[in-house]
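The structure displayed is predicted, hence computed values, not measured ones.
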Amino acid sequence: MKAIVYDRYGPADVLRLADMDRPEPGDDEVLVRVHAAGVDYGVWHLMTGLPLPVRAAFGLRAPRNPVLGRDVAGTVEALGANVTKFRVGDEVFGTCGGSFAEYACVPAARCVPKPANLTLEQAAAVPVSGLTALHSLRDAVRTGDKVLVIGAGGGVGTFAVQLAKAYGASVTGVCSTGKVDLVRSIGADDVVDYTQTDFADGTRHWDLIVDTGGMRRLSHLRRALAPRGRLILVGGEGGGRWLGGMDRGLRAILLSPFVSQRLGGVISVERGEDIEELRTLIEAGKLAPVVDRTFPLADAAQAIRYLEEGRARGKVVITI
């Protein structure tokens, strides 16, 4: 099979298209013929090995898994010995290690039937970013809350806006000028163009702020937060080689017990039941992936460079 592989950490130049043996599924896995794979910042972290603590889990000197990719959508080609909930030919989506390839072994526990109202390319945009948004909002939003989503036009942000609306909140999205119309189109009640307006100018306050973009200071974010509001930090690219933005989340956790506001981050564990919840919301018309561009497998490095530029409207997807 063809696959995008890398044998050292670094920029997108370390990626190459290679021939390799088709994998065999383990007892609790399904072999999926991959039709599409999503691109997200988690893939960037695995590719670069940054922040450096990432390497403790995925390989100190070089990546243990030479095939990149996490989001996956495709058709079941073969079943592991213990798998009974799928049949060969089923269209599925989920998460795995190594989806930038013509075939991938996907844990059956992290794989569910594709939403009937999505193409496989659209389904591939959902799992990682959709789960991150779900885990950020599901237990934090109350009906009637005023929610601010920073980075509302990005991969996680587009899901966060729609989920907050589905949970009964009034939503304001923060994005750049080129994404204002997109954020309005997915249901935001109001949109702030951060290149023109500072959302933390003290004139407005939100019950919940979900920051999916950048490294804004905690003090800046707290100015826009209601006295008993909740702040959830998602990611934090650009924070240095060692902590990569995790230091901001640690500071939020340490500060939270001493202020009236609740400050923290999100840990998104990939579980099949949560992917199933996303599927239910999608089929009910309450959630839809936003796909900006698709790239062929051979252009995976170009797809990641496009993501790095920060201009992507929603998700970037690789098609096989």
Side-chain angles (χ1 to χ4, degrees), residues 40-42 45 50-57 128-129 131-152 154-157 159-161 163-175 188-195 197-271 274:
D40 66 278
Y41 272 106
H45 288 297
L50 296 173
L52 293 174
V54 165
R55 304 186 187 194
V128 172
S129 296
L131 287 172
T132 302
L134 180 73
H135 295 151
S136 299
L137 289 162
R138 182 171 55 188
D139 298 325
V141 178
R142 295 184 291 264
T143 301
D145 275 352
K146 293 186 294 183
V147 176
L148 183 74
V149 177
I150 303 171
V156 176
F159 286 109
V161 168
L163 285 170
K165 288 295 295 180
Y167 294 146
S170 171
V171 182
T172 300
V174 178
C175 61
D189 299 284
D190 191 16
V191 183
V192 174
D193 178 351
Y194 69 79
T195 69
T197 305
D198 181 7
F199 62 84
D201 61 6
T203 60
R204 299 174 64 185
H205 298 88
W206 286 268
D207 302 301
L208 173 66
I209 296 177
V210 180
D211 183 9
T212 76
M215 287 291 293
R216 290 174 176 84
R217 299 187 310 277
L218 290 178
S219 58
H220 186 77
L221 295 169
R222 290 184 60 210
R223 284 201 297 272
L225 197 59
R228 295 193 175 276
R230 303 172 301 286
L231 169 66
I232 297 174
L233 303 173
V234 180
E237 280 65 40
R241 290 175 58 82
W242 278 100
L243 293 175
M246 291 188 296
D247 55 326
R248 188 176 64 144
L250 291 172
R251 290 198 304 274
I253 292 169
L254 292 172
L255 177 62
S256 189
F258 302 100
V259 298
S260 61
Q261 298 159 327
R262 288 168 48 197
L263 317 174
V266 60
I267 298 175
S268 185
V269 178
E270 297 163 5
R271 295 184 294 258
D274 290 338

For S136 and T132, indicate whether the former's side chain and the latter's backbone hold a donor-acceptor pair under 3.5 Å. yes
I'd like to check the side chain to side chain contact (heavy atoms under 4.5 Å, CB included) partners of T143; sequence neighbours left out, ordered by chain and number. none
Measure across A169 and V147 and return the closest heavy-atom pair with its distance rounded to 0.1 Å. CB-CG2, 3.6 Å
Which heavy atom of L233 sits nearest a heavy atom of G249, and at what distance? CD1-CA, 3.9 Å
Output all residues satisfying side chain to side chain contact (heavy atoms under 4.5 Å, CB included) with A188, sequence neighbours left out; order by chain, then residue number. V161, V183, V191
Exactly one of L148, V141, L208, V149 should register a side chain to side chain contact (heavy atoms under 4.5 Å, CB included) with V171. Which one does? V149
Residues two or more places apart in sequence or in another chain: which of them pass ring pair (Phe, Tyr, Trp, His ring centres under 6.0 Å) with Y167? none
Please list, chain by chain and in numerical order, all residues satisfying side chain to side chain donor-acceptor pair (under 3.5 Å) with D201, sequence neighbours excluded. T203
Enumerate the salt bridge (Lys or Arg N to Asp or Glu O under 4.0 Å) contacts for residues 221-232, please, sequence neighbours excluded, ordered by first and then second residue. D145-R230
So, does D207 use its side chain to make a donor-acceptor pair with the main chain of K146 at under 3.5 Å? yes
Listed by chain and number, what are the ring pair (Phe, Tyr, Trp, His ring centres under 6.0 Å) partners of H205, not counting sequence neighbours? none
Using the test side chain to side chain contact (heavy atoms under 4.5 Å, CB included), find all partners of R251 that sit at least two apart in sequence or belong to another chain. L218, D247, R248
H135 NE2 to I232 CD1 distance, which is reported to the nearest 0.5 Å: 12.0 Å
Quick check: does any side chain N or O of Q261 sit under 3.5 Å from a backbone N or O of L231, one acting as donor and the other as acceptor? no
More than 12 heavy atoms of other residues, nucleotides or ligands under 6.0 Å from CZ of R262: yes or no? no
As an exercise, state the distance from CG of L255 to CG of L250, rounded to the nearest 0.5 Å. 12.5 Å
Between V210, I209, V192, which is the residue that forms a side chain to side chain contact (heavy atoms under 4.5 Å, CB included) with I150? I209
Does D190 have any side chain to side chain contact (heavy atoms under 4.5 Å, CB included) partners at least two apart in sequence or in another chain, and if so, which? T172, R204
Heavy-atom closest pair, residues A133 and A160: CB-N, 3.7 Å
Sequence neighbours left out, what pairs pass ring-ring contact (aromatic ring centres under 6.0 Å, His included) with at least one residue falling in residues 209-228? F199-H220
Residues two or more places apart in sequence or in another chain: which of them pass salt bridge (Lys or Arg N to Asp or Glu O under 4.0 Å) with D189? K165
Determine whether V269 and L131 make a side-chain contact, defined as any pair of heavy atoms from C-beta on separated by less than 4.5 Å. no
Looking only at heavy atoms, which two atoms of A152 and G173 are closest? And how far apart? CB-CA, 3.7 Å
